Visitor: 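Mind having a look at this structure? Questions to follow.
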Amino acid sequence: MVNKNEEFIKATMTRVNEELAVMREISQGQGLSFSSLEPQQLEAKLRGVATKSPFIVGQSWTSATSAGNGASYNVFVVNPDPGSYYPVYATIYFGLGNFLTIGEGWSGRDKRWPEFSSDRTMLSAGSTHTFSFSYRVPHVPLGTYNGNSVIWRGDWHGIGVDYDRGSFDMKML
């Protein structure tokens, strides 16, 4: 873990909060739900107290629609470190995965819904990145369904690392 000075933390918090404000405005303008870290949560993650790096700072998603319609999910990720990470992926799936281990959540995913990963991505030092997904909503009974995202790094010849995860919901109308 790299020791980050106060100047770095303050500058990164300012930059990320400005980006989140823009992301919030765009998301709400598109009728998407939006969530993001509170300033104290962001600060704790930047200090390395509450997370691994990189980490999720916000997300937006289609939160209500009908079967057969298109939907979207976007996850906003920060790499606050002086080094790059590669290959990094975002994966989404549906089911009760947020409070379970990654393996338990994946094995219990709701297979009526799509699950897929982003293209492999380089998260450069100090960068932010948005992973975006579009999918067709399956024909399932009315109700609320839970979606999950996982940010992880693959390892071509070993075991990858999971960095962070998020949760979102979809209400069927």
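In what follows, every heavy atom counts, from backbone to side chain, and hydrogens, waters and symmetry copies are set aside. If you read the sequence from its start, that first residue is 1, and numbering goes on from there. Predicted model, so just to flag it, every value in this text is computed and none were measured.
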Visitor: Indicate if I92 and L32 have the same hydrophobic cluster label, given that clusters are the connected sets of ILVMFWY residues with side-chain heavy-atom separations under 4.5 angstrom.
Guide: no
Visitor: Determine whether a donor-acceptor pair (N or O, by modelled atom type, separation under 3.5 Å) exists between the side chain of D110 and the backbone of R112.
Guide: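 Yes, because the side chain of D110 sits within donor-acceptor range (under 3.5 Å) of the backbone of R112.
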Visitor: Is E43 salt-bridged to R47, cutoff N-O under 4.0 Å?
Guide: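 Salt bridge between E43 and R47, a charged N being under 4.0 Å from a carboxylate O: yes.
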Visitor: For the residue pair F55 and L37, what are the closest heavy atoms and their distance?
Guide: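 Distance-wise, the nearest heavy atoms are CE1-CD1, 4.1 Å.
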Visitor: Please determine whether salt bridge (charged side-chain N to carboxylate O under 4.0 Å, His left out) holds for the pair K10 and E6, giving the CA-CA distance in whole Å, both sets of side-chain angles, and the decisive distance to 0.1 Å.
Guide: CA-CA 6 Å; K10 183 177 179 183; E6 292 303 313; over 6 Å; no
Visitor: Which atom pair, heavy atoms only, marks the closest approach of P80 to L46?
Guide: CB-CD2, 3.6 Å
Visitor: In terms of heavy-atom contacts, does CD of Q28 have more than 12 from other residues, nucleotides or ligands at under 6.0 Å?
Guide: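 Enclosed.
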Visitor: For the atom pair OG1 (T144) and CG (D169), what is the distance rounded to the nearest 0.5 Å?
Guide: 6.5 Å
Visitor: Using side-chain contact (heavy atoms from CB on, under 4.5 Å), reason through F133 and S118 one step at a time and then give a plain yes or no.
Guide: CA-CA 8 Å; F133 299 91; S118 66; 4.2 Å; yes
Visitor: Is there a side-chain contact between V57 and V77 (heavy atoms, below 4.5 Å)?
Guide: no
Visitor: Say you draw a straight line from OG of S60 to CZ of F34; how long is it, rounded to the nearest 0.5 Å?
Guide: 7.0 Å
Visitor: Any side-chain donor paired with an acceptor under 3.5 Å for N74 and S132?
Guide: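 There is such a pair (donor and acceptor under 3.5 Å, judged by atom type) between the side chains of N74 and S132.
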Visitor: Between Q59 (side chain only) and S167 (backbone N and O only), is there a donor and an acceptor less than 3.5 Å apart?
Guide: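 Between the backbone of S167 and the side chain of Q59 there is a qualifying donor-acceptor contact (under 3.5 Å).
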Visitor: Is there a side-chain contact (heavy atoms from CB on, under 4.5 Å) between T65 and T62 once you walk through the steps?
Guide: CA-CA 7 Å; T65 193; T62 304; 4.3 Å; yes
Visitor: Donor-acceptor pairs under 3.5 angstrom involving side-chain atoms of residues 146-153: please list them, not counting sequence neighbours.
Guide:
from : atom 1 : to   : atom 2 : distance (Å)
N148 : OD1    : N98  : N      : 3.1
N148 : ND2    : Y93  : O      : 3.4
N148 : ND2    : G95  : O      : 2.9
S149 : OG     : Y73  : OH     : 2.8
S149 : OG     : G166 : N      : 3.3
W152 : NE1    : T91  : OG1    : 2.8
R153 : NE     : Y163 : OH     : 3.1

Visitor: Heavy-atom count check: over 12 atoms from other residues, nucleotides or ligands less than 6.0 Å from E7 CD?
Guide: no
Visitor: Under 4.5 Å between side-chain heavy atoms, counting indirect links through other Ile/Leu/Val/Met/Phe/Trp/Tyr residues: same cluster for V161 and W106 or not?
Guide: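 Looking at the clustering, W106 is in a separate group from V161.
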Visitor: With rounding to the nearest 0.5 angstrom, report the OG to NZ distance, S63 to K171.
Guide: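 Those atoms lie 10.0 Å apart.
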Visitor: Could you walk me through whether H129 and F76 pass the side-chain contact (heavy atoms from CB on, under 4.5 Å) test, one step at a time?
Guide: CA-CA 6 Å; H129 185 79; F76 313 118; over 6 Å; no
Visitor: Hey, can you pull the donor-acceptor pairs under 3.5 Å for the side chains in residues 134-141, sequence neighbours left out?
Guide:
from : atom 1 : to  : atom 2 : distance (Å)
R136 : NH1    : G68 : O      : 2.9

Visitor: Run the side-chain contact (heavy atoms from CB on, under 4.5 Å) test on T14 and E18 for me, step by step, so that the C-alpha distance in whole Å, both residues' side-chain angles and the decisive distance to 0.1 Å come before the verdict.
Guide: CA-CA 6 Å; T14 299; E18 288 171 357; 3.5 Å; yes
Visitor: Could you tell me if the side chain of M13 sits less than 4.5 Å from the side chain of I9, heavy atoms only?
Guide: yes
Visitor: Mark yes or no for whether D164, through its side chain, and I56, through its backbone, hold a donor-acceptor pair below 3.5 Å.
Guide: yes
Visitor: Tell me, yes or no, whether the heavy-atom count around D155 atom CG, taken from other residues, nucleotides or ligands under 6.0 Å, exceeds 12.
Guide: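 Atom CG in D155 is crowded, with more than 12 foreign heavy atoms closer than 6.0 Å.
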Visitor: Please report the interatomic distance OG(S33) to CH2(W61), rounded to the nearest 0.5 Å.
Guide: 5.0 Å
Visitor: Step by step, work out the salt bridge (charged side-chain N to carboxylate O under 4.0 Å, His left out) result for R109 and E104.
Guide: CA-CA 9 Å; R109 68 191 182 280; E104 290 170 332; over 6 Å; no
Visitor: Rounded to the nearest 0.5 Å, what separation is found between the CE atom of M23 and the OG atom of S36?
Guide: 10.0 Å
Visitor: Between D81 and Y85, is there a donor-acceptor pair closer than 3.5 Å when you use the side chain of the first and the backbone of the second?
Guide: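 Side chain of D81 to backbone of Y85, a donor-acceptor pair under 3.5 Å: no, none is there.
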Visitor: If you take the centroid of each ring, where Trp contributes its six-membered ring, are F168 and F94 closer together than 6.0 Å?
Guide: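 Centroid separation for F94 and F168: below 6.0 Å.
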Visitor: For the CG atom of N17 and the CZ atom of R24, what is their distance to the nearest 0.5 Å?
Guide: 10.0 Å
Visitor: Would you kindly confirm whether F8 and V16 end up in one hydrophobic cluster when ILVMFWY residues are joined by side chain heavy atoms under 4.5 Å apart?
Guide: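 Same cluster: F8 reaches V16 through Ile, Leu, Val, Met, Phe, Trp or Tyr contacts under 4.5 Å.
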Visitor: Is there a continuous path of hydrophobic side-chain contacts, each under 4.5 Å between heavy atoms, that joins V88 to I102?
Guide: no
Visitor: Please enumerate all residues that pass side chain to side chain contact (heavy atoms under 4.5 Å, CB included) together with Y86, with sequence neighbours excluded.
Guide: R120, M122
Visitor: Hey, is the main chain of L123 close enough, under 3.5 Å, to the side chain of S127 for a donor-acceptor pair?
Guide: no
Visitor: Minimum heavy-atom separation for M170 and A71, please, with both atom names.
Guide: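 Residues M170 and A71, closest heavy atoms: CE-CB, 3.7 Å.
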